[in-house]
Amino acid sequence: MKRYAYVGPVLIFGKITNPKWSGETLAVSFDKAKSNLMYQYKKQTGRRKDAKIEFTGKIYVVEE
């Protein structure tokens with residue numbers, strides 16, 4: 001598994017809700033990492049699971 005990280009703005013339904021959020025996760029693929037980070041943000045901010053989250057920054061590999 002790889003450790004992925006994200007630092008950047010978060011949009012919900014096209015509006016910036018957090019200009020600089022950061023999160024890390026372990027995942028087997030980039031898509032799973034993105035999903036995990038979206039879940040983390042929703043849990044931390046009390047959003048519903050069907051909220052449309054967008055990351056405009058880059059998700060990158062911290063370590064392999």
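Residues: numbered from 1 along the sequence shown.
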Original post:
So how far is it from Lys15 NZ to Glu54 CD, rounded to the nearest 0.5 Å?
Top reply: 13.0 Å
Original post:
Between Val7 and Ser22, which heavy-atom pair has the shortest distance, and what is it?
Top reply: CG2-CB, 3.7 Å
Original post:
Side-chain contact, heavy-atom cut-off 4.5 Å: Tyr41 with Thr17?
Top reply: yes
Original post:
What closest approach, in Å, do Ala27 and Ala33 show between heavy atoms, and which atom pair accounts for it?
Top reply: CB-N, 3.5 Å
Original post:
If two hydrophobic side chains count as joined below 4.5 Å and joins carry through other members, does Met1 share a cluster with Ile59?
Top reply: no
Subject >> Donor-acceptor under 3.5 Å (Lys42 side chain, Lys49 main chain) >> reply: yes
Original post:
How close do Leu26 and Asn36 get, heavy atom to heavy atom, and via which atoms?
Top reply: O-ND2, 3.4 Å
**OP:** Please check if Leu37 and Val28 belong to a single hydrophobic cluster, counting links between Ile, Leu, Val, Met, Phe, Trp and Tyr side chain heavy atoms closer than 4.5 Å.
**Re:** no
**OP:** Output the distance between atom CD1 (Ile12) and atom CZ (Arg47), rounded to the nearest 0.5 Å.
**Re:** 3.5 Å
Original post:
Can you say whether the rings of Tyr6 and Trp21 are parallel (under 30°), tilted (30 to 60°) or perpendicular (over 60°)?
Top reply: tilted
**OP:** Find out if a path of hydrophobic residues (ILVMFWY) with successive side-chain heavy-atom gaps under 4.5 Å connects Met38 to Tyr60.
**Re:** no
Original post:
Taking all non-hydrogen atoms of both residues, which atom of Lys34 and which atom of Phe55 are closest, and how far apart?
Top reply: O-CE1, 4.1 Å
